[in-house]
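Written below as structure tokens is the structure these notes are about.
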Protein chains: 2
Amino acid sequence: MPRAVTRSRPTGLTIGKLSQETGVNIETIRYYERIGLMPAPPRSQGRQRLYEDLHRRRLAFIRRSRALGFSLNDTRDLLGLARGHDLTCAEVKALTEQHIADIRGKIRDLRRLDRVLSELAGQCRGSTVPDCPILDALGKGSEAARNARLP
Amino acid sequence: MPRAVTRSRPTGLTIGKLSQETGVNIETIRYYERIGLMPAPPRSQGRQRLYEDLHRRRLAFIRRSRALGFSLNDTRDLLGLARGHDLTCAEVKALTEQHIADIRGKIRDLRRLDRVLSELAGQCRGSTVPDCPILDALGKGSEAARNARLP
DNA sequence: CTTGAACCTGTAGGAGCTACAGGAATTAGT
DNA sequence: ACTAATTCCTGTAGCTCCTACAGGTTCAAG
């Protein structure tokens, strides 16, 4: 089945409506325009932005890309805005796989932190005596502290 | 056993030496001083900072706290610099447990991203044909994209 | 005494927004 | 038709946690 041509009725959304419909903050929409992620929309006579379906679809794309953790620069690439050409499917896949690798790296780091911190918290009675195993671990070059790495 | 009193011989480290010893960037050390995490050290006649053991221990504490993912503000609290009093052991434990909860939340989010992205990447043949499942998922309000949440 | 390395201050940038301030435009209510 | 409330506009500054200059001073070695 060929891709349906979405014919856009002239919606003329104000920025507030677009914000409501997409769940993207007004200031964020203007920010995306400033950095060239969103195209500058036509304006009303009083200089207010009036968005069309085109913009709504673009913004929804950006929002989903961000929701999947892609950076704004990645998103720019995915939109085909970088260097003026669309990515091939292979390039998109490569970008995604790199992103997955980054995510897995972060998960590993966070799990290590979780282990170390849980261990420390478990040693802590939480009393009011001055001696605290957590502060001790931070203050001395303890085994526990050395098992963690900078993020 | 009572806490040993660490008697500091007057080391007089320059900032470069302190940086080397602790693995903390020179600019970062000065930054910590600016924001009040590190105390201002005495200076040489030519206004150069000269650090003592006190400072080295403080900086090592900060570095370990950061390595465990505590924010600078948390670190300030852990150092007993906030509101002018030390945290009790119970407060330290509470802070740590909140931090652990945050970390687990992040892990959950990242694992969801991993699942969704891996699924998408798996559907992608990586060919050069224009139709890409990943871009489709971003472009349309797909199931996959809805399963992810903003970070 | 002259290099060259290390230090100094102050400022700007980066990621990705968010939050104003101070003003203009639109809309709703009367 | 008039006013009041709401929305919108631009521009700038703030957030976190550093990092990277620029343009100058001081120190240590030769």
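Keep in mind that the numbers below use all heavy atoms, side chains included, and drop hydrogens, waters and symmetry copies. None of the values given here were measured: they were computed from a predicted structure.
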Exercise for the section: May I ask you to say whether A/Arg111 pairs ionically with A/Asp114, meaning some side-chain N is under 4.0 Å from a carboxylate O? Expected result: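 Result for this pair is no, no salt bridge flagged.
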Problem - Salt bridge flag under 4.0 Å for residues A/Asp109 and A/Lys106 - result: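 No, no charged N to carboxylate O under 4.0 Å.
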Exercise for the section: Check the distance between D/dC17's P and B/Glu33's CD and give it to me in whole angstrom. Expected result: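 Rounded to whole Å, this separation is 19 Å.
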Exercise for the section: Report the distance from atom CE of B/Met38 to atom P of D/dC18, rounded to the nearest whole Å. Expected result: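 So the two atoms are 13 Å apart, to the nearest Å.
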Problem - ILVMFWY cluster, A/Leu50 and A/Leu54 together (side-chain gap under 4.5 Å) - result: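 The answer is no; the residues belong to distinct hydrophobic clusters.
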Practice task
Between protein and nucleotides 6-17 of chain C, map the contacts as a letter string: B base, S sugar-phosphate only, - none, heavy atoms under 4.0 Å, written 5' to 3'.
Solution key: -SSB------BB
Exercise for the section: Please identify each residue that fulfils ring-ring contact (aromatic ring centres under 6.0 Å, His included) with B/Phe70, with sequence neighbours left out. Expected result: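 Partners of B/Phe70 under the ring-ring contact (aromatic ring centres under 6.0 Å, His included) test: B/His99.
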Problem - Atom CZ of B/Arg30: over 12 foreign heavy atoms under 6.0 Å - result: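 More than 12 heavy atoms, drawn from other residues, nucleotides or ligands, come within 6.0 Å of this atom.
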